[in-house]
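The chain is numbered in sequence order, starting from 1.
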Amino acid sequence: MANYVKMWEELGMDLETHDQLCAVLPTAFGDTYLSQENRPESMDFWDMVVADIHGIRPAELIEAQKKGQKVFGTFCVYVPDEIILAANGIVTGLCGGSQFWVPSGEAVLPKSTCPLIKASVGARLGRTCPFFRIADMYVGETTCDGKKKAWEILGKDVPMHIMDMPQMKRPKDIEKWADEIKEFAALVQEFTGNEITAEKLQDAIHTMNEKRKALARVYEARKAEKLPISGKDVLLMTQIAFFDDPVRCTQMANRLADELEQRIQDGVSVFPEGTKRILITGTPMAIPNWKLHHIIETSGAAVVCEETCTGTRYFENLVDESKTTLEEQYHAIAERYMGINCACFTPNTGRIDDILRLAKEYNVDGVIDVNLKFCCLYDTEGYTVEAALKEQGIPVLGIETDYTDADAEQLRTRIEAFVEMLD
């Protein structure tokens, strides 16, 4: 493993505190992931990424910056990567999924803010995440009130652009989002010094579509009766997809999908026959938030799909590649991203349709609707989600949690009882 201390020093990181994070992550990863049996061999790539998570990719980003490229840090699946790629920029996800960063976030945010926002702000202010130090610009969006206020804090010492997300999905709202994308493209061109042409945007759209297709192949393998991979491993792949190079991500996901498809042909399963199949729906699970998957998959069940931003919402639906002018392409991008069914929208019947569809496609025995504490959007929508599932006769368990392990045993008891009930 390379020594990245000099790089971290030059980024202005708090090395002493960062060492504390580096000390606990290998144990957490080993207990959660490396303890699994019969894992696909192709998971070696993602294991390697986690082993050097604050080294390999950050070093690549810094080398790219030295060659003149700009790095854009994003927090949401609504920010269109295609625009940044078309201007020869680089996208890196920035959401925080660890309790380690929460205290630094709580120094400036109310404790009643959701842990994802507190962790994201804390990772920057605590100077313990290189990705937050490297990004030349942050790109936020107005998907929730907590984020809107967080952008004001994060934007004090890093250039911040905020995309105004429509709250409904009427034709005029899609037009508004297309205008936001066009405005974002103008900003990205100015910031990078690189013109976005229809040809460059076409290439970027194709690159991102290929990435989505590759991730979808891995998910498709989870529909098999004999599961060739654990839900934890797929979650890890998806989490890392947010900050990995998109072409490499596509290659590695396709490599994994090839192996999974062969495993299905060979009848290889990582779970015993009869293991109950669970669909997770709700709030996103940013790296390294692996808690719920680990509890479920050590409680007699298997996670076969995630209707979350770190799941199907991230890759489902493609951008139309047939458009040849920038105006047409901006609109095609807007239509694809507005097809994501976040709880920020009203009405949001599309998300209910997605959950019921996925429950059928993945042949699930039950659904666990998870909500990060203080996320009022998903918490409120949980009522509608549970009512729709019960109406269809699909067992559902609602859970509220955070990043701490304080509720781990309570969650295990509830989940074990839920799984037993499915019998």
Side-chain angles (χ1 to χ4, degrees), residues 11 61-62 64-65 68-96 105 108-109 116-117 119-125 129-167 173-197 200-201 204-205 207-208 242-243 246 284 286 309 314 319 326-327 329-338 340 342 344-345:
L11 289 172
L61 296 178
I62 291 172
Q65 285 175 323
Q69 288 185 273
K70 297 292 186 182
V71 177
F72 294 78
T74 65
F75 301 85
C76 182
V77 294
Y78 283 109
V79 177
D81 293 357
E82 291 87 348
I83 300 298
I84 296 169
L85 293 182
N88 198 32
I90 302 176
V91 182
T92 183
L94 289 180
C95 282
V108 295
L109 294 169
L116 188 146
I117 296 174
S120 297
V121 172
R124 168 65 188 180
L125 299 186
C129 178
F131 294 99
F132 277 85
R133 311 300 299 174
I134 290 170
D136 297 295
M137 174 180 282
Y138 295 161
V139 186
E141 78 309 315
T142 56
T143 49
C144 83
D145 290 342
K147 281 186 171 184
K148 294 174 190 175
K149 296 295 104 178
W151 306 150
E152 295 176 9
I153 296 170
L154 289 174
K156 286 185 176 180
D157 60 350
V158 179
M160 167 70 75
H161 177 72
I162 302 171
M163 301 187 73
D164 187 15
M165 192 73 212
Q167 302 299 289
D173 297 309
I174 297 176
E175 291 296 331
K176 178 186 183 301
W177 189 235
D179 288 340
E180 281 290 318
I181 291 171
K182 183 177 180 179
E183 180 181 313
F184 180 51
L187 172 90
V188 170
Q189 287 183 106
E190 181 180 358
F191 195 72
T192 61
N194 298 320
E195 180 186 4
I196 295 176
T197 65
K200 291 178 181 177
L201 188 51
I205 289 171
T207 295
M208 292 308 302
F242 279 82
F243 60 83
C309 295
Y314 183 50
V319 177
L326 284 174
E327 289 295 332
Q329 290 167 336
Y330 293 148
H331 201 277
I333 292 171
E335 288 185 328
R336 185 268 160 188
Y337 281 84
M338 286 289 280
I340 301 170
C342 172
C344 68
F345 288 103

For [X] and [Y], work out which heavy atoms get closest and say how close.
{"X": "Met160", "Y": "Gly155", "value": "CB-CA, 3.8 Å"}
{"X": "Gln69", "Y": "Asp136", "value": "O-OD2, 4.2 Å"}
{"X": "Tyr78", "Y": "Ile340", "value": "OH-O, 2.6 Å"}
{"X": "Ile90", "Y": "Ala64", "value": "CD1-CB, 3.4 Å"}
{"X": "Ala204", "Y": "Ala86", "value": "CB-N, 3.8 Å"}
{"X": "Ser120", "Y": "Cys95", "value": "OG-CA, 3.5 Å"}

Let me confirm one number: the [atom1]-[atom2] distance from [X] to [Y], rounded to the nearest 0.5 Å.
{"X": "Arg133", "Y": "Ile62", "atom1": "CZ", "atom2": "CD1", "value": "11.5 Å"}
{"X": "Gln329", "Y": "Ile205", "atom1": "CD", "atom2": "CD1", "value": "4.5 Å"}
{"X": "Leu201", "Y": "Tyr330", "atom1": "CG", "atom2": "OH", "value": "6.5 Å"}
{"X": "Ile153", "Y": "Leu109", "atom1": "CD1", "atom2": "CG", "value": "4.5 Å"}
{"X": "Leu94", "Y": "Phe242", "atom1": "CG", "atom2": "CZ", "value": "11.5 Å"}
{"X": "Arg336", "Y": "His331", "atom1": "CZ", "atom2": "NE2", "value": "15.5 Å"}

[X] side chain vs [Y] backbone, donor-acceptor pair below 3.5 Å:
{"X": "Tyr138", "Y": "Phe132", "result": "yes"}
{"X": "Glu180", "Y": "Pro166", "result": "no"}
{"X": "Thr92", "Y": "Gly73", "result": "no"}
{"X": "Gln189", "Y": "Ile196", "result": "yes"}
{"X": "Lys200", "Y": "Asn88", "result": "no"}

*Do Phe75 and Trp151 pass the ring pair (Phe, Tyr, Trp, His ring centres under 6.0 Å) test, and can you show the C-alpha distance, the side-chain angles, and the key distance before you say yes or no?*
CA-CA 10 Å; Phe75 301 85; Trp151 306 150; 4.7 Å; yes
Report yes if the side chains of [X] and [Y] come closer than 4.5 Å at any heavy-atom pair, otherwise no.
{"X": "Asp157", "Y": "Arg124", "answer": "yes"}
{"X": "Lys70", "Y": "Met137", "answer": "no"}
{"X": "Phe72", "Y": "His161", "answer": "no"}
{"X": "Pro246", "Y": "Asp81", "answer": "no"}
{"X": "Phe184", "Y": "Ile84", "answer": "yes"}
{"X": "Cys144", "Y": "Ile117", "answer": "yes"}
{"X": "Met163", "Y": "Pro80", "answer": "yes"}
{"X": "Val91", "Y": "Val79", "answer": "no"}

*Should the pair Asp173-Lys176 be classified as a salt bridge under the 4.0 Å nitrogen-to-oxygen rule?*
no
*Which is it for Asp179 and Lys182 under the salt bridge (Lys or Arg N to Asp or Glu O under 4.0 Å) test, yes or no, and what are the steps along the way?*
CA-CA 5 Å; Asp179 288 340; Lys182 183 177 180 179; over 6 Å; no
*Could you go step by step and tell me if Tyr337 and Met165 meet the side chain to side chain contact (heavy atoms under 4.5 Å, CB included) rule?*
CA-CA 11 Å; Tyr337 281 84; Met165 192 73 212; over 6 Å; no
*Without hydrogens or angle criteria, can the side chains of Glu141 and Thr143 be said to hold a donor-acceptor pair below 3.5 Å?*
yes
*Check the pair Lys147 / Cys76 against side chain to side chain contact (heavy atoms under 4.5 Å, CB included), numbers first and verdict last.*
CA-CA 10 Å; Lys147 281 186 171 184; Cys76 182; 3.9 Å; yes
